[in-house]
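Below is one structure, written out as structure tokens; comments come after it.
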Amino acid sequence: MPEGYHDVEISNLALIDACWGASVADQVVDHIQMRLHHAGLRVTQGAGRGRFRLVCNMRRPGVVDHQSLAELPYRLSAEPISIEIAANQQAAAVHAVVSWEGDNLPRYRAPRDIQIDHQERWFAIYKSDMQIVAYLFRCMREGRLTPHWQAVCDYRQPEQVLYHEGLMRFSDASEALAPDVVFPALERTGLASTFDWLMVAHVISELEFDPKATLGVNISATSAHLHGWWGSVLDDLTRRPAIAGRLVVEITETEPLTHIDDTAAFARRLRACGAALALDDFGSGYTSIRNLMQLMPAFVKTDGSFVNKVSSEHLPCYALPHLIGLIKALGGTVIVEGVETPGMADLAYVSGGVWQQGYYHGRPGLVRRGTSCALPRAHFHEKEEPIRKWMN
Ligand code: G
Ligand code: MN
């Protein structure tokens with residue numbers, strides 16, 4: 001939570017009003033107000049509709065602690081607000097995107113940006129996105145999402161596993177919603193960080209449950225900072241090094257990491273508590289070498305397109321060994337993603353990629369196969385200052 005901010009706002013209230021009308025917007029305001037009361041907070045009306053001033057004495061123990069305040073916007077955002085009657089549709093719900101006012105959070109996409117990004121199409125996109133995310137959060141609450149695990153294997157001994165990456169899937173196999181529809185909807189509505197918070201909690205509880213597992217969790221760039229829910233999670237991990245040492249956090253640059261100093265501060269705290277950072281889909285999207293040097297991730301996962309292009313019969317592209325060489329020269333451990341065939345596995349290996357992930361080694365599944373070794377501790381784990389290898 002940004003120091004000194006006691007004001008929260010429903011940042012998608014105008015959008016809810018435009019899409020579903022004023023009475024639904026009023027219902028959303030009432031719901032959030034009620035939830036704030038239930039959280040034990042005294043609330044006064046902030047400057048404007050959908051804005052609340054939290055009147056609480058944070059020094060008085062037992063009233064409300066700093067950590068639960070930091071998580072408050074995410075808890076409120078994850079809470080579905082039924083609009084069944086207003087929408088005249090069974091199970092229809094919306095989510096209020098609750099955030100601290102004052103914009104201290106590193107800002108990536110916010111709900112309001114959808115209007116700028118999609119102009120006259122925004123209305124239809126927003127309604128459909130909200131329907132998707134409301135359904136997703138409902139499935140999560142009702143246990144209708146199942147974690148699937150995909151191993152990162154050693155090419156030479158595929159039963160040797162670096163870690164298993166966790167991927168949430170709908171339990172119902174006939175579910176038509178695919179991850180490449182769900183995740184962009186989460187990003188566009190501003191609810192990706194709330195989903196990440198639930199996912200990280202889930203993977204940590206899986207680590208508690210299975211002391212032999214080493215597990216990876218994906219978070220979006222929007223969640224990679226210390227101003228939101230990570231503070232209390234990292235405090236908890238610091239107290240439990242046996243859990244932290246088995247956790248890998250994967251960040252994808254679906255958005256350019258414009259708040260790189262915030263992301264780097266997060267990366268340092270993560271390393272300090274013994275967990276590992278992985279930069280996902282490297283080489284696609286907005287990846288920059290400079291970011292790699294600032295974040296010093298233990299693992300860098302090359303985007304699946306690279307191994308795919310090396311093995312392409314028409315127009316092969318031989319960037320993979322150079323990309324792997326670059327990452328290694330900078331001090332990272334490489335994971336080659338998207339290995340689908342024995343030929344691709346061989347090519348990735350001769351390109352320098354010992355650690356591999358992809359359908360050839362195993363699809364994401366319910367059962368975790370193979371044995372995890374302790375995560376290799378790169379030498380920069382020991383030091384706080386950027387090592388020469390990364391910064392030169
Ligand atoms: O961005 P990230 O690498 O975390 O995405 C993982 C996604 O990639 C999952 O949806 C997973 O099912 C998919 N995936 C895993 N292995 C392969 C593969 O070998 N080929 C392709 N095309 N997709 C894969
Ligand atoms: Mn990943």
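Both counts, for ligands and for their atoms, begin at 1 and track the order of listing.
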Would R138 and Y135 count as a cation-pi pair here, with the cationic atom under 6.0 angstrom from the ring centre and within 45° of the axis? no
Starting from the C-alpha separation in whole Å, work towards a yes-or-no answer on side chain to side chain contact (heavy atoms under 4.5 Å, CB included) for F306 and S351. CA-CA 11 Å; F306 287 95; S351 303; over 6 Å; no
Do L226 and I260 land in one hydrophobic cluster if side-chain heavy atoms of ILVMFWY residues count as linked below 4.5 Å? yes
Applying salt bridge (Lys or Arg N to Asp or Glu O under 4.0 Å), name anything that partners D196, two or more places apart in sequence or on another chain. none
With a 4.0 Å cut-off on N to O distance, would you call D113 and R188 a salt bridge? no
Which residues satisfy the salt bridge (Lys or Arg N to Asp or Glu O under 4.0 Å) test with E250, sequence neighbours excluded? K301
Could you pull out every protein residue that has a heavy atom closer than 4.0 Å to ligand 1, ordered by chain and then number? Q150, E165, L167, R169, N218, D280, D281, E337, G338, V339, E340, G358, Y359, P364
Looking at D154 and R156, does any basic side-chain N land under 4.0 Å from a carboxylate oxygen? yes
R369, CZ: over 12 other non-hydrogen atoms inside 6.0 angstrom: no
If you apply the rule side chain to side chain contact (heavy atoms under 4.5 Å, CB included), what do you find for F266 with L295, and how did you get there? CA-CA 9 Å; F266 163 71; L295 298 180; over 6 Å; no
Any protein N, O or S atom under 2.8 Å from the Mn ion (ligand 2)? Found E165 OE2, N218 OD1, E250 OE1, D280 OD2
